Amino acid sequence: MIGHHHLLKIQKRSRSNRAAIVWRQEEIDHFLQHAPVYAGRVLIAAAETGLRPGDLRDLTRADIEQTAAGQSRIILRTQKSNRRNYASIPVTPRLRAMIDALPAAQHHIVVRDDGQPFKTANALGALIHHWRDEIGIRKELHFYDCRSTAVTRLVRAGCNIGELVGHMGWSLAYAAQMLSRYAAIDPDMTDGILDKVLSAELRRAALAAPVQNEDGE
């Protein structure tokens, strides 16, 4: 026992930012081609949903519901530390194809090679890292980077803050922070600004133009 913990409540001097590290599509395809099917399903589910490992491990068919438009979405109460948020995640075509290929009796979306649920969230990362190294994919890629991969796809698709909040289960403030971070590391994401400005100018000019009658006056 010690009388005083000198390292208690010391603030971090630096913070790791892995937002720029994402799984490229060719790396995902290479993984799916060479890794076992059950491991590939873990990678697909993680990259398509952006769920944290713990939430992904617990994801079941019961968490998927049909929308009024006939599509599917995942409704899941996510958990990080002591904060609980709900995420609403559309089921992409690639994820839908993976789910449709699962054995009918499989309740969990991702399982081990013996068909049983993963016992810990860390087991998912260990599995992906093992086959990453076995296949020869760059070692800087982590399983958790699937989350950045999913966010990058959303941002590049033009999703707004509200959509990020609903998809990722973030708070509004954190979603704004993440949008700022991704825009800073990927200047291409701001290329659409010029198109929006030009479109706005054209609309303004059209509204300001005098209306002509049928005689052109």
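Remember, it's a predicted structure, so these values are computed and weren't measured experimentally.
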Whether the side chain of [X] engages the backbone of [Y] through a donor-acceptor N/O pair (distance < 3.5 Å, no angle test) should be reported.
| X | Y | value |
| --- | --- | --- |
| Thr67 | Ser72 | no |
| Trp23 | His142 | yes |
| Asp58 | Asp55 | no |
| Arg147 | Ala47 | no |
| Asn160 | Glu163 | yes |

Of all residues at least two apart in sequence or in a different chain, which pass the side chain to side chain contact (heavy atoms under 4.5 Å, CB included) check with [X]?
| X | value |
| --- | --- |
| Pro103 | Arg41, Gln106 |
| Gln25 | Ile28, Asp29, Arg94 |
| Ala175 | Ile161, Leu164, Val165, Trp170 |

Next on the checklist: Looking at Arg132 and Glu27, is any side-chain nitrogen of the basic one under 4.0 Å from a carboxylate oxygen of the acidic one?
Outcome noted: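 Judged by the 4.0 Å cut-off on N to carboxylate O distance, Glu27 and Arg132 do not form a salt bridge.
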Are the side chains of [Y] and [X] in contact, using a 4.5 Å heavy-atom criterion?
| X | Y | answer |
| --- | --- | --- |
| Arg61 | Ile109 | yes |
| Arg52 | Tyr144 | yes |
| Leu43 | Cys146 | yes |
| His30 | Ile135 | yes |
| Arg24 | Thr149 | no |
| Leu154 | His167 | yes |
| Ile128 | Phe31 | yes |

Checklist outcome for this item: Residues passing the ring-ring contact (aromatic ring centres under 6.0 Å, His included) test with His130, sequence neighbours excluded, are none
Atom [atom1] in [X], atom [atom2] in [Y]: separation rounded to 0.5 Å?
| X | Y | atom1 | atom2 | value |
| --- | --- | --- | --- | --- |
| Tyr174 | Met168 | OH | CE | 8.5 Å |
| Gln66 | Gln71 | CD | CD | 9.5 Å |
| His108 | Leu56 | NE2 | CG | 10.5 Å |
| Tyr38 | Asp114 | OH | CG | 9.0 Å |
| Trp131 | Asp133 | CH2 | CG | 11.5 Å |
| Ile21 | Ser148 | CD1 | OG | 8.0 Å |

Item to check | Residue pair Ala150 / Gly50: nearest heavy atoms and the distance that separates them | outcome: CB-CA, 3.5 Å
Checklist entry - Looking at Leu141 and Val22, what are the two nearest heavy atoms and their distance? => result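 Closest heavy-atom pair between Leu141 and Val22: CD2-O, 3.5 Å.
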Item to check | Option passing side chain to side chain contact (heavy atoms under 4.5 Å, CB included) with Ile64 (candidates Leu95, Val91, Leu76) | outcome: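 Per the side chain to side chain contact (heavy atoms under 4.5 Å, CB included) rule, the option paired with Ile64 is Val91, out of Leu95, Val91, Leu76.
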Item to check | Leu124, Val111, Val42 screened by side chain to side chain contact (heavy atoms under 4.5 Å, CB included) with Arg57, the one that passes | outcome: Leu124
In residues 115-123, what donor-acceptor pairs under 3.5 Å come from side-chain atoms, sequence neighbours left out?
unit_1	atom_1	unit_2	atom_2	d
Thr120	OG1	Ala123	N	3.2

Checklist entry - Does anything in residues 96-105 pair up under salt bridge (charged side-chain N to carboxylate O under 4.0 Å, His left out), and if so which pairs, sequence neighbours excluded? => result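 Sorted result for residues 96-105: Arg96-Asp100.
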